[in-house]
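I have placed the structure first, in the form of structure tokens, so that the comments after it can refer back to it.
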Amino acid sequence: MNAIEPIPARVSVLVPVYQEEETVERCYQAIVDVFAGLPGYDYEIIFTDNHSTDRTFPILAGIAARDARVRVIRLARNYGYQRSLLVGYKNADGACAIQLDCDLQDPPELIPRMLARWREGHQVVYGIRRSLRDRAGTAFARRAFYRLIAALSEDDLPVDAGEFRLVDRCILDELRHVQDTSPYLRGLIGSMGFSQVGIPYDRGIRTAGQSKFPLRQMIALAVDGLLNHSLLPLRIASAVGLFVGSITFLLIFVYLLLRLTLGAGWPAGFATTTLLLLMSITLNALFLGIIGEYLGRVFMQAKHRPSPLVEVALNVVPSRIGEEASP
């Protein structure tokens, strides 16, 4: 009697793309080459196209036409990197999913090591960026931000870890319930707990094309990460307001005491008074702005906007596209 061969574990490889006509074919081939050396695994590749306007989607359509393991989801507009990635996670069918950027700065060759750690029982295996190929100023800002948000967050967030990670099916099931309009996925996954382990690696250079993540978007992502995982800005606002208020009341008390005991008048100085008023107005504006950031997110969440709308889907089960969990 022949022994029954075990069913290969299915791995979902998630690749968000935007204006990557020069890299998608190369990225696809790199993933195929890696899994050619992993006979114990089945796989699917999910490309989420953030409404590219170049030849990215036609190239992906051609790949999907000749390889049924490739699934392509084209969004109706550019919803941003994080929301595009979340669509990929929600449509992953595998026992685990691995997120990989199309520019191949995060090496696909690390996938076998990630799968080995997953087989050991870890639900999250993330890459730790041992070195960066960014400019010195950008690299310093990245590392400083990782440490800042880790220090400020109430969650246990890994340092020097980007989006390159493997997540288990249990994480994927939880991500299907997420309806955040401004998600910060690396922090969200890190806050879920379970067994998480890092693998250090050296980040490579972009294989082709230009970066689609300029400084403005980096700053926006940093703000999302900070506001999604820390209440410290609100607490700083409250503490500074309390401190300034205490100093003000102390000055009023001292003035009244001197006025009643020594008959002293209020010190002359129009410039000093004006500066103090301006300082008070500045503090109010600053902290109202911080509060406004949080209220803005509550407002966007309360509107219950639909998930990113899909314009075209190839090799995808229709009922799974844009799937949302019931409240």
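Quick caveat, the model's predicted, so the values are computed rather than measured.
Between T48 and L14 there is no side-chain heavy-atom pair separated by less than 4.5 Å. Side-chain atoms of L86 and K90, non-hydrogen and from C-beta on, do get closer than 4.5 Å to each other. Put simply, the side chain of V15 does not reach to within 4.5 Å of the side chain of V24, judged on heavy atoms. In this structure, V178 and Y89 have side chains that are not in contact, with every pair of non-hydrogen atoms separated by 4.5 Å or more. L115 has its side chain within reach of C96: a pair of non-hydrogen atoms, C-beta onward, lies under 4.5 Å apart.
Tested against Q19, the residues T56, T53, N78 include a single side chain to side chain donor-acceptor pair (under 3.5 Å) partner, T53.
Taking CD1 of I98 as the start and CH2 of W118 as the end, the distance is 9.0 Å to the nearest 0.5 Å. Distance check, rounded to the nearest 0.5 Å: CE of M192 to CG of L175 gives 4.0 Å. With rounding to the nearest 0.5 Å, the separation of CZ in F194 from CD1 in I171 is 4.5 Å. Rounding to the nearest 0.5 Å gives a distance of 11.5 Å between CG of D168 and CD of E174. Rounded to the nearest 0.5 angstrom, R113 CZ and I111 CD1 are separated by 12.5 Å. Distance CD/E22 to SG/C102: 10.5 Å, rounded to 0.5 Å.
No donor-acceptor pair closer than 3.5 Å links the side chain of D67 to the backbone N or O of I63. With hydrogens and angles disregarded, a donor-acceptor distance shorter than 3.5 Å links the side chain of R169 to the backbone of G94.
Under the salt bridge (charged side-chain N to carboxylate O under 4.0 Å, His left out) criterion, E25 pairs with R66, sequence neighbours left out. D42 meets the salt bridge (charged side-chain N to carboxylate O under 4.0 Å, His left out) test with R10; sequence neighbours excluded. Annotation: side-chain contact (heavy atoms from CB on, under 4.5 Å) contacts of P112 (sequence neighbours excluded): V34, L38. Considering only residues two or more places apart in sequence or on other chains, Y41 meets the ring-ring contact (aromatic ring centres under 6.0 Å, His included) condition with none of them. In terms of the salt bridge (charged side-chain N to carboxylate O under 4.0 Å, His left out) criterion, E21 has no residue partners (sequence neighbours excluded). Annotation: side-chain contact (heavy atoms from CB on, under 4.5 Å) contacts of V197 (sequence neighbours excluded): R117, H122, V125. Under the rule for a side-chain hydrogen bond (donor to acceptor under 3.5 Å, both in side chains), the partners of D49 that lie at least two apart in sequence or sit in another chain are S52, R74. Residues that satisfy the ring-ring contact (aromatic ring centres under 6.0 Å, His included) test with Y28, not counting sequence neighbours, are absent from this structure. Looking at residues two or more places apart in sequence or on another chain, you find a ring-ring contact (aromatic ring centres under 6.0 Å, His included) between F164 and Y201. Remark: E109 engages no residue in a side-chain hydrogen bond (donor to acceptor under 3.5 Å, both in side chains) (not counting sequence neighbours). The side-chain contact (heavy atoms from CB on, under 4.5 Å) test applied to A64 returns V70, V72, L314, N315, not counting sequence neighbours. Residues passing the salt bridge (charged side-chain N to carboxylate O under 4.0 Å, His left out) test with D101 are R203, sequence neighbours excluded.
Side-chain contact of S12 with E44: a donor-acceptor pair under 3.5 Å is present, judged by distance alone.
In terms of heavy atoms, Q82 sits closest to E163 at NE2-OE2, 2.9 Å. G127 approaches M114 most closely through the heavy-atom pair N-CE, 4.0 Å.
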